[in-house]
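Residues take their numbers from the sequence shown, with the count starting at 1.
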Amino acid sequence: MSATTSECLFCKIARKEIPAALVYEDDSLLAFKDIFPQAPVHLLLIPKAHCEGLGDMTAEIAEVVGRLPQVATRLAQEHGIAARGWRLLSNNGPDSGQSVFHLHFHLLGGKPLGGKLCL
């Protein structure tokens with residue numbers, strides 16, 4: 001499960017060692033297009049600093065994550081999904097479907113997403 005920051009896929013993206021379709025970047029947050037989109041708009045928002053999941057947040061990471069709804073709203077507007085609706089979620093742990101163990105949030109929209117979050 002746990003990867004060191006040198007092995008972590010999202011840390012490598014944040015350090016620009018692996019290319020990604022970036023849509024937003026500031027000093028502490030990064031957003032990019034998901035390579036396996038589940039909706040017409042599927043973006044991943046990550047803190048640049050490594051944190052495995054929601055239960056591992058430091059005070060510094062929590063401060064960064066506190067800005068995510070504002071950034072997600074901006075991205076929803078820029079990607080044309082703000083008016084019809086969008087979803088922001090984070091999987092935490094293997095049973096939730098988390099596959100990259102670097103805290104990240106999915107911004108989804110562009111089609112009706114339905115009311116169910118699991119099968």
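With H104 contributing its side chain and H102 its backbone, the two residues share a donor-acceptor pair below 3.5 Å. One N or O on the side chain of K48 and one on the backbone of D26 form a donor-acceptor pair closer than 3.5 Å. In terms of modelled atom types and a separation under 3.5 Å, the side chain of Q98 and the main chain of E52 share a donor-acceptor contact.
Clustering of Ile, Leu, Val, Met, Phe, Trp and Tyr by side-chain heavy atoms under 4.5 Å joins M57 with V23, Y24, L29, V41, L43, L45, L54, I61, V64, V65, L68, V71, L75, I81, W86, L88, L103, F105, L107. In the hydrophobic clustering, L89 connects to L108, L113, either directly or through intervening members, whenever side-chain heavy atoms lie under 4.5 Å apart.
Shown here for N91 and S96, the closest heavy-atom pair between the two residues is CB-OG, 3.1 Å. Across all their heavy atoms, A39 and G109 have their closest contact at CB-O, 3.5 Å. Here the closest non-hydrogen pair linking P37 and D34 is CD-O, 3.6 Å. What you find for A20 and I13 is that their closest heavy atoms are CB-CG2, 3.7 Å.
More than 12 heavy atoms of other residues, nucleotides or ligands lie within 6.0 Å of CD in E25, so this atom counts as buried by the packing criterion. Residue E17 qualifies as enclosed at atom CD: its count of foreign heavy atoms under 6.0 Å is above 12. No more than 12 heavy atoms of other residues, nucleotides or ligands shown are found within 6.0 angstrom of CZ on R84.
Ring planes of H42 and H106: tilted class, angle from 30 to 60°.
Note that the SG atom of C51 and the CZ atom of F10 stand 13.0 Å from one another [nearest 0.5 Å]. Rounding to the nearest 0.5 Å gives a distance of 11.0 Å between CD1 of I46 and OG of S28. Rounding to the nearest 0.5 Å places CZ of R15 at 7.0 Å from OG of S6.
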For this session: Carefully, step by step, assess Q38 and K111 under the rule side-chain contact (heavy atoms from CB on, under 4.5 Å).
Result: CA-CA 10 Å; Q38 303 298 305; K111 70 175 188 177; over 6 Å; no
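A salt bridge is absent between K12 and E7: the closest approach of a Lys/Arg side-chain nitrogen to an acidic carboxylate oxygen does not fall below 4.0 angstrom.
H50 places a side-chain heavy atom less than 4.5 Å from the side chain of C11.
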